[in-house]
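Computed from a prediction, not measured in an experiment: that's the story for all the values here. The figures that follow rest on heavy atoms only: side chains count, while hydrogens, waters and symmetry mates do not. Proteins get letters first, then strands, A, B, ... in listed order; numbering begins at 1 in each.
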Amino acid sequence: MLKDFLVLAGQSIMHRRMRSWLTVIGVFIGITAVVALISIGLGLERTITDQIASVFGVDTFIIMNEGAFGPQAHGPGGSEEYALDLATLRAVEGVKVAAAVRERTAFLQGPPRSDGTPLQGFFPVSGLSPELITEFESFTGELKVQKGGRLFDVGEEAVTVLGSEIANRFQASVGNTVFVAGEGAAELSLTVVGILIPAEEDEGSRGVFAGGMNQSQNQDTIYVPYETMDLLWGPAKDVLITVVRVNPGEDVDEVADRAEEILNARGSEISAVTYTDISEVIGTMTSTISAFLAGIAGISLLVGGVGVMNTMFTSVLERTKEIGVMKAVGAKNGHVLTIFLIESGLMGLVGGIVGTLLGLGLSAAASSIIGRLFGVEMAVVASPTLILTTLVCSFGIGAIAGLWPAWRAAQLPVVDALRYE
Amino acid sequence: MGGSTQDGAERIHIYRTGGLAVPLLEFRGITKDYRLGKTVVRALRGLDLVVEEGEVIAIMGPSGSGKSTLMHIVGALDTPTGGTAFLDGQDLQQLKEHQLVALRGKKVGFVFQTFNLVQTLSAQRNVELPMIFQGIRKGERARRARELLIKVGLGDRVKHKPNELSGGERQRVAMARALANDPEIILADEPTGNLDTESGTPVLAMLKKLSVNDGKTVIIVTHDPDAAAIADRIVRLRDGCVVAVSSYGVEGESGVPSTGCDVDGSINEPSTLGTTTEGDDSHA
Ligand SMILES: Nc1ncnc2c1ncn2[C@@H]1O[C@H](COP(=O)(O)OP(=O)(O)OP(=O)(O)O)[C@@H](O)[C@H]1O
Ligand SMILES: [Mg+2]
């Protein structure tokens, strides 16, 4: 019998084709907006998490200043640097490699320039674990040195790699010596082993976390091995970031927790951040944004629902006599109600189908535009859950919007309905 | 609904053991008031009517005398305000809504003056409509609808929409629809009222045949003497009362007019009748 009612409802919709389409348009505009916004949000989230996953892999975590990450991240003004005992970290069970970056400003003196006098002054010094370059290239980007130079190796101490700009200012070349003044009486003469390729010639190799040594800055910096920093200043609160890889088969979250606990027990104030932590934060961020956008789009959906209601009221009114006839030949109130509900639900559903298709198309188009604008490969997500929910909801919206008119239709007394002109 | 038919059967049983044949329709002192704000329109004022199974009854009377109102009550489309109304042994006033729905669907078939076909449906689908609500299967339904359309002479019009049919043809589709669930009673409210004699004649002939061949009870409201001619009895209404019951051609008081009808002698002044104001009854 439901099938017959479906046919009756369909026939009535087709009979009022123009108005039905207009109603459907009202619904699908809202659905399109909701589906497109949510899909774009999902795509964005997928893109970001994919990127992070490609950097992190499943075996890596980073150590940041406590509170620098997460929902309660400290406000501006708080220091991002922290103190770290790298040896202790390396001894934590499950840790395979750990590499860190520390940075401070120091008094430097270059080799004699062409006029015979050396340049002196305060310049930034970055201490990089050599492992950062050899093991975590995805974090640093590929640091490239000019011909004739090299990067430093594990175990080296009195060596340095110069940023191209600072090399120019010092008029230094490979083999020269740079003098660094450290804490108290500590001082070292470092041999220049390499000079970085200037930024313009080195495009596209920037790693996500190379920002630890900000690209615009890094040609202005001298790089030394991490251990050399210890020789000059001892352990200090100047570590920017630490990257840790765990042994194969270890649970990265477990090792991260362990490292965090051990280091904090020794006076560091750090938190260990894994891929899981980051994707969680990004997930809540993007879903908050897309929920907000979808909420706005939902308003247009509401307007569409009111449109369905209006159409159904008109439909009930102009079919009053037909309702009377149906009841006169034995239709129950429930039958009339069902026919009208199916009718409004169908319009909602058609609006849902059209809206979903358009919404997915729109999100694909938007993704490719966003991707082109920002030079990233945007993921296009067509979530089956989203599609199914949308279709069920759109039928629901139609049916609910039709509920009141349909109920009114069903309640009409037969004789009154028949008398209606 | 199963319960209601059982009740009916019991009643019949009681009547039969009492040695009385139960009339198909037994109306006693039926009143019907319509309230319009403070005004009460007394459409029926204590009407008596008994109809036996298989009879053809013509109901005649001036406009506004309550003919349609009576038909609606017989067809379970409306309920009386007062009096007792038994249809096939069931007290119409005691029936629940779903039982009334069952009566409309299966026991009576209604033919309207204005056809009342569903414009969006073909002739065949219109005839199928009452069967849809009874949950009859598609194949069976379509077969029966075509059969009925052939019976009313429209075998070649099954796919036509109402507005592609002539008035006479529309009324014959309506007849086929009234017969869809094989009802015992056919109610026709001015079935030829919108038709010329030429297209009206086959409709009347068909109604007569239903009584003669199929033993159905037929009640026709009409102004048309031709229609009255096919009736076994003619019931005349005025101001909501039966004023005369006669056989065709036998004008006058061959039957008994309503006894309980409160026409209070103002029959000859119809303009003051039918409408009174609430609380003003005594002056009417
Ligand atoms: N729904 C209603 N509300 C108020 N008054 C009504 C209603 N239906 C009928 N009436 C009144 O009841 C009286 C009887 O109406 P009814 O339709 O039964 O007349 P009728 O005999 O069928 O007339 P006609 O030959 O013109 O069809 C009329 O006075 C009419 O105005
Ligand atoms: Mg009438």
Side-chain angles (χ1 to χ4, degrees), chain A residues 1-20 311-312 314-344 346-347 406-407 409-421, chain B residues 1 32 34 43 68-69 71-73 75-79 96-122 125-138 141-142 161-163 174 176-181 183 187 189:
Chain A
M1 203 181 305
L2 213 59
K3 206 178 124 206
D4 299 312
F5 290 169
L6 202 75
V7 174
L8 282 176
Q11 258 161 340
S12 157
I13 289 176
M14 293 311 283
H15 188 70
R16 282 158 265 265
R17 215 162 285 149
M18 195 61 201
R19 190 194 316 151
S20 302
T311 303
M312 291 314 292
T314 320
S315 185
V316 165
L317 204 65
E318 74 184 8
R319 284 156 74 197
T320 303
K321 189 144 198 168
E322 188 180 320
I323 293 164
V325 171
M326 289 198 287
K327 291 178 85 165
V329 300
K332 294 179 188 153
N333 289 1
H335 293 154
V336 177
L337 187 74
T338 311
I339 291 171
F340 277 80
L341 278 188
I342 291 178
E343 196 174 317
S344 59
L346 268 183
M347 284 195 278
W407 187 82
Q411 296 302 314
L412 281 173
V414 195
V415 182
D416 294 354
L418 278 174
R419 205 185 292 274
Y420 186 86
E421 293 298 333
Chain B
M1 277 157 269
K32 179 71 189 179
Y34 291 108
S68 295
T69 306
M71 290 295 262
H72 290 150
I73 292 172
L77 302 183
D78 210 347
T79 45
K96 304 250 165 52
E97 175 63 23
H98 72 268
Q99 294 168 310
L100 293 174
V101 170
L103 275 183
R104 285 174 216 149
K106 289 187 290 205
K107 196 143 210 108
V108 297
F110 225 107
V111 180
F112 303 90
Q113 176 175 358
T114 52
F115 322 132
N116 283 349
L117 298 173
V118 178
Q119 297 301 320
T120 52
L121 301 181
S122 67
R125 296 275 294 159
N126 262 291
V127 179
E128 282 182 38
L129 203 57
M131 296 188 266
I132 291 178
F133 297 123
Q134 297 305 321
I136 292 168
R137 297 178 140 278
K138 198 181 164 74
R141 220 163 58 198
K161 294 264 172 73
N163 60 6
R177 182 182 63 187
L179 295 172
N181 288 323
L187 303 173
D189 192 349

- What's the spacing between A/Met14 CE and B/Thr120 OG1 if we round to 0.5 Å? 12.5 Å

- Item | Gap separating the CG atom of A/Leu418 from the CG atom of B/Asp189, nearest 0.5 angstrom | 10.5 Å

- Message: Need one label for B/Ser68: side chain, backbone, both or neither, based on atoms under 4.5 Å from any heavy atom in chain A.
- Response: neither

- Check whether any side-chain heavy atom of A/Leu8 lies under 4.5 Å from a side-chain heavy atom of B/Arg125, and answer yes or no. yes

- Query: A/Pro413, A/Ser12, A/Gly330, A/Gly334: which one forms the most heavy-atom pairs within less than 4.5 Å of chain B?
  - Reply: A/Gly330

Show me, pair by pair, the donor-acceptor contacts under 3.5 angstrom made by side chains of residues 320-329 of chain A, not counting sequence neighbours?
from     : atom 1 : to       : atom 2 : distance (Å)
A/Thr320 : OG1    : A/Val316 : O      : 3.2
A/Thr320 : OG1    : A/Leu317 : O      : 2.6
A/Lys327 : NZ     : A/Asn333 : OD1    : 2.9
A/Lys327 : NZ     : A/Ala410 : O      : 2.6
A/Lys327 : NZ     : A/Leu412 : O      : 2.7

- If the plane angle is over 60° it's perpendicular, under 30° parallel, otherwise tilted; pick one for B/Phe133 and A/Phe5. tilted

- Under 4.5 Å from any heavy atom of chain A - which part of B/Arg141: side chain

- Query: Contact part of B/Tyr34 toward chain A, heavy-atom cut-off under 4.5 Å: side chain, backbone, both or neither?
  - Reply: side chain

- If one checks every heavy atom of B/Leu121 against chain A at 4.5 Å, the contacting part turns out to be side chain

- For B/Gln119, check side-chain hydrogen bond (donor to acceptor under 3.5 Å, both in side chains) against everything at least two apart and list the hits. none

